Amino acid sequence: MGYAELLRVIGEEAAREAEAIRAAGVREAARIRAEAGAAAGAAADALRARARAQLAERVRLDREAGARDRERALLVVRRRALDLLRAEAIRALATAGGPALDARLLAEVRPEIGPGPVEVVVDAGAEEACRAALERLDPALAARTRVHAAPAPRGGIEVIVGRLVLDDTLPARLDRAWPDVEAELAAILFGDGAWPGSTA
């Protein structure tokens, strides 16, 4: 084989090897592009999934915040309604008293009245009826009791023995009963279970 033939064979062999290397490079580049595309697609899918999850969480939190705001607003409205109802009840109680009620209340508090001077405060105009009720209830108690009128009508009585004040006025009785009354009124008016805004 001559030198020229040898060069031609070596050239052809080199061309075949170069073509094989080039083809292998093209295949490797295609494989790398496919893997990179798949990785990019997976990363994009993960980013989209995370964005969807974040959006869903934000929507959930916004809905919960809105629900809490509506619940707070509803509680404020209900609180105002119950406060207005209580104020109206206190105004109505001012005219609900009378001698018969005072006599009943005196009988109720009598066991709590100790020795010593006693002061009984009643609505204006009810002083004489109160004295008469005390005489019927306990003449000895009546003898040591001073009865006088309250500055404003409120219904009921207030008994003062030394430092002890037995407030049996109608507003005081309403104050003591209000936590239970308020819960019952809320159930009647709003009808959705227990009232969380009790002032108890």
Side-chain angles (χ1 to χ4, degrees), residues 52-114 118-134 136-138 141 145-200:
R52 280 192 300 272
Q54 288 172 342
L55 179 61
E57 179 66 7
R58 178 166 294 178
V59 167
R60 183 188 68 77
L61 291 173
D62 287 348
R63 283 183 183 151
E64 287 177 1
R68 281 191 306 275
D69 289 345
R70 285 188 299 279
E71 187 175 325
R72 274 193 293 274
L74 182 60
L75 284 174
V76 167
V77 168
R78 289 177 175 185
R79 165 57 47 219
R80 281 192 203 127
L82 288 168
D83 288 346
L84 288 171
L85 190 57
R86 183 178 186 174
E88 184 58 37
I90 288 173
R91 278 191 294 280
L93 288 175
T95 60
L101 176 64
D102 292 349
R104 267 198 334 269
L105 296 177
L106 279 169
E108 282 181 17
V109 299
R110 171 61 189 100
E112 298 178 51
I113 299 174
V118 178
E119 183 179 346
V120 177
V121 184
V122 295
D123 287 345
E127 298 95 324
E128 287 306 315
C130 181
R131 285 187 193 95
L134 276 169
R136 286 191 303 277
L137 183 64
D138 185 340
L141 175 60
T145 300
R146 183 173 78 87
V147 178
H148 63 92
R154 61 223 168 134
I157 62 168
E158 183 177 11
V159 178
I160 304 163
V161 184
R163 291 186 183 176
L164 176 66
V165 177
L166 302 171
D167 191 347
D168 223 8
T169 60
L170 296 181
R173 289 173 74 96
L174 179 63
D175 284 345
R176 290 190 295 271
W178 187 251
D180 293 329
V181 170
E182 179 181 58
E184 290 177 26
L185 286 173
I188 292 167
L189 294 174
F190 311 127
D192 58 0
W195 168 244
S198 176
T199 56

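This one's a predicted model, so the numbers in the text were calculated from it and none came from an experiment.
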All N/O donor-acceptor pairs, side-chain side in residues 65-73, below 3.5 Å, sequence neighbours left out:
unit_1	atom_1	unit_2	atom_2	d
D69	OD1	R72	NH2	2.4
R70	NH1	G66	O	3.3

Below 3.5 Å, can you tabulate the donor-acceptor pairs from side chains in residues 125-132 to any protein atom, sequence neighbours excluded?
unit_1	atom_1	unit_2	atom_2	d
E127	OE1	G125	N	2.8
E128	OE2	R131	NH1	2.6
R131	NH2	V147	O	3.1

Donor-acceptor list for residues 154-163 side chains, cut-off 3.5 Å, not counting sequence neighbours:
unit_1	atom_1	unit_2	atom_2	d
R154	NH1	E158	OE1	3.3

I'd like a table of donor-acceptor pairs (distance under 3.5 Å, sequence neighbours excluded) in which one partner is a side-chain atom from residues 89-98, with atom names and distances.
unit_1	atom_1	unit_2	atom_2	d
R91	NE	E88	OE1	3.4
R91	NH2	E88	OE1	2.9
T95	OG1	A92	O	3.0

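Nearest heavy atom pair, residue L82 against residue W178, reads O-CZ2, 3.7 Å.
Residues passing the side chain to side chain donor-acceptor pair (under 3.5 Å) test with R136, sequence neighbours excluded: none. For D138, the side chain to side chain contact (heavy atoms under 4.5 Å, CB included) criterion is met by R110, A140, L141, not counting sequence neighbours. The side chain to side chain contact (heavy atoms under 4.5 Å, CB included) test applied to E57 returns R60, L61, not counting sequence neighbours. Legend: residues meeting salt bridge (Lys or Arg N to Asp or Glu O under 4.0 Å) with E108, ordered by chain and number and at least two apart, are R173. Evaluation of the salt bridge (Lys or Arg N to Asp or Glu O under 4.0 Å) rule for R104 yields no partner, not counting sequence neighbours. Take L85 and apply the side chain to side chain contact (heavy atoms under 4.5 Å, CB included) test, not counting sequence neighbours, and it matches L185, L189. With sequence neighbours left out, the side chain to side chain donor-acceptor pair (under 3.5 Å) criterion links D167 to T169.
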- Message: One pair to check against side chain to side chain contact (heavy atoms under 4.5 Å, CB included): V118 and L134. What are the steps and the verdict?
- Response: CA-CA 11 Å; V118 178; L134 276 169; over 6 Å; no
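Note on D83 versus R79: salt bridge recorded, some NZ/NE/NH1/NH2 to OD/OE distance being below 4.0 Å.
Taking CG of L170 as the reference point, atom CG of L174 lies at 9.0 Å (rounded to 0.5 Å).
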